[in-house]
Amino acid sequence: MSDSDIQTADAVIVGAGFSGMYLLHRLREMGLKAIVFEAGTDVGGTWYWNRYPGARVDVESLAYSYSFSSDLEQQFEWKERYPTQPEILRYARHVADRFDLRKDIVFRTRVTAATWNDDARDWLIRTEYGEAVTARYFIMATGCLSSSKMPEIPGLAAFKGATYHTAHWPHEGVDFTGQRVGIIGTGSSGVQSIPVIAEQALDLTVFQRTPSYSLPARNRKLRPHEVTDMKARYPEFRQEQRESGAGVPVPIPTRSALEVADAERDAVYEAAWESGSLVNLLSSFTDLAVSQDANDTAKRWIHRKIHEIVEDQAVADDLCPEYPFGTKRPCLDTNYFETYNRANVHLVNLQRTPLVEVTEKGIRTSEREYEFDAIVYATGFDAMTGSLTNVDIRGRDGLSLRETWRAGPRTYLGIGSAGFPNLFMITGPGSPSVLSNMVVSIEQHVDFVADAIGHLREQGLTTIEPTAEAQDAWVDHVNEIASHTLYPKANSWYMGANVPGKPRVFMPYAGGVGEYRKKCDEVAAKGYEGFALAV
Ligand code: N01
């Protein structure tokens with residue numbers, strides 16, 4: 001490739017989801033030329049790809065939305081409390097149109113490699129089609145849950161029927177009417193899709209390795225006064241979001257679950273369950289995330305609920321999780337546990353009868369073969385690091401991000417990594433990200449990155465890169481906080497436990513978005529303390 005074939009830009013952004021879109025807008029406002037590469041055919045990221053039946057967000061629409069534009073806040077009309085995937089995609093498209101974003105987004109194109117050139121002080125970014133762009137700043141806005149995974153069992157290609165992964169659902173939808181369907185996976189995607197598929201299919205068999213904690217979403221249309229009230233108090237509400245623990249304002253608990261009488265504790269759990277909000281239950285007492293005994297009270301209470309809803313008590317037993325509540329991502333559902341009361345739904349407990357293989361006709365466990373017309377894989381993602389290490393990123397002296405992170409991701413603030421100048425990650429490992437309302441965390445990171453780039457330009461500087469010392473201290477801090485919680489007790493994707501061979505490290509920052517924001521603000525105020533800046 002000759003030099004004339006290489007495009008130049010100030011910044012290359014990978015991904016046109018909520019992060020990439022806002023980042024493009026911010027950088028363009030600052031006068032930078034930014035190019036976004038996006039593998040899909042449209043904007044929306046997660047909400048572009050995950051079109052499975054029943055897909056919804058589990059943060060309320062009025063809170064799961066951008067705050068950067070008051071006009072956008074005031075003019076967009078959300079319809080439901082928990083919007084469906086099509087409604088969120090409509091919002092993303094609306095944002096793209098409103099801010100004229102598409103003209104700088106190259107769709108249907110994956111970035112495959114990025115190499116830092118220390119002489120030129122820029123990145124050379126390559127796509128799957130061999131295109132190349134040089135840019136001073138390279139930003140991975142690739143999302144935390146974008147690199148999907150299949151189960152690690154033989155015979156995946158042998159099945160003669162139709163197969164689907166929840167994260168790559170056909171745009172035209174799927175009609176399961178009259179079909180025998182098998183679904184593997186009971187995380188959020190499984191929990192949301194199982195009730196909808198069960199209503200359509202002739203027969204649905206659910207293969208469950210680990211049960212999920214799930215609460216009823218109590219979704220409904222938004223009332224006009226709810227929308228009007230929120231629109232009137234948005235500035236105040238946004239501030240509360242930014243200062244909260246998970247990007248969703250809730251009263252801060254003051255009591256231990258162990259210091260109240262059983263009846264009172266049950267009433268608190270009941271109210272949270274009825275509210276249809278995960279954070280209400282997660283933050284009902286001070287110690288659910290840190291004390292096994294406290295957490296056991298929530299666990300036992302939810303087990304009781306499952307046993308009340310599910311008629312067959314042996315099935316209810318199988319649906320009760322044993323790991324501490326909240327240590328794997330809990331779900332919000334519509335009729336999930338009720339679905340197991342249907343005659344056409346069957347639960348296979350893979351703890352008792354593990355998967356052996358996929359066959360021509362269906363799925364074989366250690367007990368027997370099940371025959372299907374279609375198999376749905378709701379088997380999740382190589383979370384947080386997968387989409388970053390899938391690109392061959394080479395920093396200073398050819399340093400490979402993939403190799404450097406072999407024993408687990410190492411970042412400063414979840415934004416940068418030592419040895420990779422001018423590489424930024426939006427909601428990377430080591431930041432609150434997946435433990436929070438993603439839009440709140442995305443906006444905070446985008447603002448931090450855009451401000452850092454603005455600072456470099458104002459000061460006549462060209463590079464910014466975490467120091468090894470600051471990064472080591474941050475990684476220690478992230479681990480230290482996690483070690484005081486119950487999170488490491490579960491085999492979760494937060495721990496990398498769902499991907500065989502992935503190092504077991506708790507990846508997100510569990511200190512809360514408010515505290516984290518304060519830390520980032522301090523870092524910026526001190527001239528980007530912990531980063532080395534150079535001319
Ligand atoms: O993926 P998951 P997901 N053999 O990893 C099972 C967000 N999200 O797509 O738990 C057998 O949670 C696996 O079993 P186990 C949300 O953050 C949000 O459902 O590893 N089973 C598990 O049951 C969520 O947490 C929303 O033992 C295998 C399932 O597949 C995240 O995305 C909606 C297996 C995977 O569950 C990921 O959710 C959807 C194997 N080899 C997603 N491999 C909302 O906002 C995997 N499994 C509502």
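Whatever order the structure lists them in is the order used to number ligands and atoms, beginning at 1. Remember, predicted model here, so these are calculated numbers, not experimental data. The first residue of the sequence shown is numbered 1, and numbering continues consecutively from there.
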Below 4.0 Å from ligand 1: does a non-hydrogen atom of [X] turn up there or not?
| X | answer |
| --- | --- |
| V434 | no |
| L332 | no |
| Q208 | no |

Using a strict 4.0 Å threshold on nitrogen-to-oxygen distance, state whether K221 and E80 make a salt bridge. no
Taking only Lys NZ, Arg NE, NH1 and NH2, and the carboxylate oxygens of Asp or Glu, determine whether R56 and E87 approach each other closer than 4.0 Å. no
I need the atoms of ligand 1 closer than 4.0 Å to a non-hydrogen atom of [X], numbered in the order shown.
| X | value |
| --- | --- |
| I184 | 11 (C), 21 (N) |
| T186 | 22 (C), 23 (O), 29 (C) |
| V57 | 45 (O) |
| R56 | 44 (C), 45 (O), 48 (C) |
| L350 | 11 (C) |
| K149 | 43 (N), 46 (C) |
| L355 | 4 (N), 11 (C) |

Out of curiosity, [X] [atom1] to [Y] [atom2], how far, rounded to the nearest 0.5 Å?
| X | Y | atom1 | atom2 | result |
| --- | --- | --- | --- | --- |
| E371 | T359 | CD | OG1 | 7.5 Å |
| L388 | N390 | CG | CG | 8.5 Å |
| Q179 | L204 | CD | CG | 11.5 Å |

Can you label the angle between the [X] ring and the [Y] ring as parallel, tilted or perpendicular, going by 30° and 60°?
| X | Y | answer |
| --- | --- | --- |
| Y22 | Y66 | tilted |
| F372 | Y370 | parallel |
| Y91 | F76 | perpendicular |

Any donor-acceptor pair under 3.5 Å linking the side-chain atoms of [Y] with those of [X]?
| X | Y | answer |
| --- | --- | --- |
| S67 | E443 | yes |
| T84 | K79 | no |
| D317 | H303 | no |

At under 4.0 Å between heavy atoms, is it the side chain or the backbone of V59 that contacts ligand 1, or both, or neither? neither
Indicate, as side chain, backbone, both or neither, the part of D58 found under 4.0 angstrom from ligand 1 when only non-hydrogen atoms are considered. both
Within the structure, does T166 bring an N/O atom to less than 3.5 angstrom of an N/O atom in ligand 1? no
Any N or O of W493 that comes nearer than 3.5 Å to an N or O of ligand 1? yes
Are Y269 and F325 an aromatic pair by the rule of ring centers under 6.0 Å? no
Nearest to [atom], what protein heavy atom do you find, and at what distance?
| atom | result |
| --- | --- |
| atom 41 (N) of ligand 1 | E152 OE1, 3.0 Å |
| atom 40 (C) of ligand 1 | R209 NH1, 3.4 Å |
| atom 24 (C) of ligand 1 | S188 OG, 3.5 Å |
| atom 19 (O) of ligand 1 | S189 N, 2.8 Å |
| atom 33 (C) of ligand 1 | Y52 OH, 3.1 Å |
| atom 35 (C) of ligand 1 | A378 O, 3.2 Å |
| atom 27 (O) of ligand 1 | T210 OG1, 2.5 Å |
| atom 10 (O) of ligand 1 | K328 NZ, 2.7 Å |

Would you sort out whether H477 and Y509 count as a ring-ring contact (aromatic ring centres under 6.0 Å, His included), showing the intermediate values? CA-CA 9 Å; H477 177 58; Y509 174 68; 5.5 Å; yes
